[in-house]
Amino acid sequence: MSSSNLPSAQRGNSAYDTTLCVDDLRDALSAHGITLPSLRVDLPSFAGTYQPSAGLVALGNCNVATARKLARALRCEVPPPSRSPLDVEVVAVPKALQGLRRTVRRYLDAPCADVQLCVTELVGNVIRHVGEGVSVRVRVARTDGGRIRVEVTDPEAQALPVLLPATDDAEVGRGLALIDAVTVRWGVEQGVEKTVWCELAEEE
């Protein structure tokens, strides 16, 4: 039976998906200072009586102190520490954009279509107006004010973005208009390099 003919509950539960799930769970627990040494994927043979048969996530054993910490975290009594900003350096080429969108979605772990749009447009502007192949630094972080800040830094300090009105049939010039429409504010910082930044309200 091909994967496309499987029930939807089974298509998303391959051994690979289960392993990714365990990795995500381990990272989420770690953010609360919780470590379950025996957290693992059970072998399909062990979970053969269950469906789907790719395996089960074994939470394992823990001591009483860890169990209490886990209970407090699940009750949201202990907020996780703030995460370090996402900070990556990439070569500004069109094929890098899809990977950046995935990286941002995984980092924020929440719906973030507007954030992904801003990252795509800001890096796309570098490709179009500075040149394909230059090195750019992309930074995404949650701020204390409940916003998400996106920064894209490139080496060409003098190539400043300009917000221009785009006509209905224009093929270019819409990038900054889109950013202006979806963000709370945006701007440019100049030095040896140039950083174009924007801030968005977190999506619900």
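Below, each value reflects all heavy atoms present in this structure, side chains not excepted, and no hydrogens, waters or symmetry copies.
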side-chain contact (heavy atoms from CB on, under 4.5 Å) partners of [X], counting only residues at least two apart:
X      : result
Asp24  : Arg106
Asn63  : Ala65, Thr66
Leu200 : Asp114, Val115, Cys118, Val150, Val182, Thr183, Cys198
Leu25  : Leu29, Leu39, Val57, Leu59

Give every donor-acceptor pair under 3.5 Å between a side-chain atom in residues 88-102 and any protein atom, sequence neighbours left out.
unit_1: Glu89; atom_1: OE2; unit_2: Ser135; atom_2: OG; d: 2.8
unit_1: Arg101; atom_1: NH1; unit_2: Thr120; atom_2: OG1; d: 3.1

Arg137, CZ atom: more than 12 neighbouring heavy atoms under 6.0 Å =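 Counting other residues, nucleotides and ligands, CZ of Arg137 stays at 12 neighbours or fewer.
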
In terms of hydrophobic clusters joined by side-chain contacts under 4.5 Å, are Val196 and Leu160 together?
->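 Yes, same cluster.
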
Please tell me if the side chains of [X] and [Y] come closer than 4.5 Å, counting only heavy atoms from C-beta onward.
X      : Y      : answer
Val134 : Glu156 : no
Val140 : Ile148 : yes
Glu189 : Thr153 : no
Leu70  : Cys62  : no
His129 : Pro161 : no

To the nearest 0.5 angstrom, please state how far the CG atom of Leu122 sits from the CG atom of Leu117.
->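 Here the rounded value is 9.0 Å.
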
Derivation of the side-chain contact (heavy atoms from CB on, under 4.5 Å) call for Gln190 and Gln158 = CA-CA 8 Å; Gln190 284 179 279; Gln158 302 307 315; 4.2 Å; yes

Taking Arg139 for its side chain and Arg149 for its backbone only, find out whether a donor-acceptor pair lies under 3.5 Å.
->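 Here the side-chain-to-backbone pair does not exist.
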
Minimum heavy-atom distance between [X] and [Y], given as atom pair plus value:
X      : Y      : value
Trp197 : Val188 : NE1-N, 3.7 Å
Arg142 : Leu108 : NH2-O, 3.0 Å
Asp154 : Glu193 : O-CB, 3.3 Å
Tyr107 : Pro85  : OH-CA, 3.4 Å

Residues in side chain to side chain donor-acceptor pair (under 3.5 Å) contact with Arg105, at least two apart in sequence or another chain |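 With sequence neighbours excluded, Arg105 shows a side chain to side chain donor-acceptor pair (under 3.5 Å) to no residue whatsoever.
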
